[in-house]
Amino acid sequence: MAYWLMKSEPDVYGIDDLKRDKQEPWDGIRNYQVRNMFRDQMQIGDIAFFYHSNCKIPAITGLMTIVSGAYPDITQFDPESKYFDGKSDPKNPRWLLVDVKYKRKLKREISLKELKAHEQLQDFRLNQKGNRLSVIPVGKKEWDLILDLE
DNA sequence: GCCAACGTTGGC
DNA sequence: GCCAACGTTGGC
């Protein structure tokens, strides 16, 4: 089983939205690296941190489970969607997604500031400057360290 | 709101 | 295939 961190802007879709919806397609990914991770590496049963990005206090806020394999993101074919991609061929969809299921909220949010200050997390990908990937693989050691902060 | 970092696009 | 221009992400 693998561990992940997945970013979302709380103003758009936050941990409380997932708590309400219980399960949700993680749509809108328009980055090839992330698509490839969905397709080639993610497995049903993997666990992910829910991370709030681009907000007042960027932080890990909850846990969720990957509950599907990768399949086409239908928003790419919807001209009304902000994720519409006219260059994607319906016979060979360019963009994929996975379904995620709410697991739980953390007892307290673990902020990016706190993660960056952690001595043993200096190499953590989220802490690297200029890292814009919205889905990040997390090592078991890092995963445990972070959960211990809770 | 600013801007650094990075990805994508398209002319050549 | 190079690279300048442009767009997006996301911390601050």
Side-chain angles (χ1 to χ4, degrees), chain A residues 2-21 24-42 46-66 68 70-100 102-139 141-150:
Chain A
Y3 301 94
W4 306 90
L5 179 143
M6 297 167 75
K7 300 178 186 173
S8 185
E9 300 184 19
D11 291 345
V12 178
Y13 196 86
I15 186 68
D16 288 320
D17 296 303
L18 185 61
K19 185 178 182 185
R20 178 196 65 220
D21 298 337
E24 193 67 8
W26 200 263
D27 62 15
I29 295 294
R30 298 294 180 267
N31 173 285
Y32 290 105
Q33 279 179 267
V34 175
R35 182 205 62 186
N36 294 348
M37 282 193 270
F38 280 173
R39 192 187 57 198
D40 305 332
Q41 291 173 254
M42 238 181 217
D46 286 356
I47 307 183
F49 286 129
F50 195 119
Y51 177 82
H52 283 176
S53 68
N54 206 4
C55 57
K56 207 161 183 187
I57 304 174
I60 295 173
T61 56
L63 303 179
M64 56 194 173
T65 312
I66 310 304
S68 83
Y71 65 96
D73 178 347
I74 56 161
T75 64
Q76 71 196 299
F77 303 121
D78 176 8
E80 303 293 307
S81 171
K82 65 170 175 167
Y83 301 125
F84 178 67
D85 180 354
K87 291 179 191 160
S88 183
D89 176 3
K91 293 198 189 70
N92 185 22
R94 182 180 289 190
W95 304 115
L96 306 173
L97 54 70
V98 297
D99 290 339
V100 299
Y102 176 79
K103 192 171 167 71
R104 65 175 176 89
K105 284 175 83 164
L106 296 191
K107 294 182 204 103
R108 65 178 192 90
E109 298 193 355
I110 300 169
S111 69
L112 179 64
K113 192 178 168 193
E114 187 175 350
L115 293 168
K116 280 188 165 169
H118 198 294
E119 272 184 36
Q120 290 167 275
L121 291 173
Q122 294 309 302
D123 294 332
F124 187 39
R125 203 134 164 214
L126 187 72
N127 289 340
Q128 303 309 310
K129 196 176 176 186
N131 178 21
R132 296 170 37 190
L133 273 191
S134 64
V135 175
I136 298 172
V138 180
K141 242 172 107 182
E142 294 165 338
W143 180 272
D144 290 341
L145 274 171
I146 292 165
L147 269 190
D148 279 345
L149 297 174
E150 191 182 357

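Basis for what follows: all heavy atoms, side chains included, without hydrogens, waters or symmetry-related copies. Sequence lines set the chain letters: A, B, ... in the order given, protein chains first and strands last, and positions in each chain run from 1.
- For A:Phe38 and A:Trp4, the gap between ring centers reaches or exceeds 6.0 Å.
- Between the CG atom of A:Asn36 and the P atom of B:dG7 there is a distance of 13 Å, rounded to whole Å.
- Mapped onto DNA chain B by nearest heavy atom, A:Asn54 and A:Asn131 fall at different nucleotides, with A:Asn54 at the one closer to the 5' end.
- At a threshold of 4.0 angstrom between heavy atoms, the contacts of A:Lys113 with the nucleic acid are absent.
- Here C:dG11 is the nucleotide among C:dG11, B:dT8, C:dG10 with the atom lying nearest to any side-chain atom of A:Pro58.
- Rounded to whole Å, the distance from CG on A:Asn127 to P on C:dC12 is 10 Å.
- For an aromatic pair to be called close, the ring centres must be under 6.0 Å apart, and A:Trp95 with A:Tyr71 fails this.
- Within the structure, a side-chain polar atom (N or O) of A:Tyr51 is placed less than 4.0 Å from OP1 or OP2 of C:dG11.
- A straight line from CD of A:Glu9 to P of C:dT9 spans 7 Å, rounded to a whole angstrom.
- In this structure, the nucleotide among B:dG10, B:dG7, C:dG10 sitting nearest to the side chain of A:Gln33 is B:dG7.
- Phosphate proximity of C:dT9 to A:Lys129: absent, as no side-chain N or O sits under 4.0 Å from OP1 or OP2.
- Nucleotide B:dA5 holds its P atom 13 Å from the CD atom of A:Gln128, rounded to whole Å.
- Rounded to a whole Å, the CZ atom of A:Phe124 is 12 Å from the P atom of C:dG11.
- Computed from coordinates, the A:Met6 CE to C:dG10 C1' distance equals 17 Å when rounded to whole Å.
- Of the possible donor and acceptor atoms, one in the side chain of A:Arg30 sits under 3.5 Å from a partner among the backbone N and O of A:Tyr83.
- A straight line from OH of A:Tyr32 to P of C:dT8 spans 15 Å, rounded to a whole angstrom.
- With C:dG10, B:dT8, B:dG10 as the choices, the nucleotide that has an atom nearest any side-chain atom of A:Lys87 turns out to be B:dG10.
- The two residues A:Lys116 and A:Gln122 have their closest heavy-atom pair at O-NE2, 3.1 Å.
- None of A:Met37, A:Met6, A:Lys7, A:Gln128 except one satisfies the side chain to side chain contact (heavy atoms under 4.5 Å, CB included) rule with A:Ile136; the exception is A:Lys7.
- Atom C1' of nucleotide B:dT8 and atom CG of A:Asn31 are separated by 11 Å, given to the nearest angstrom.
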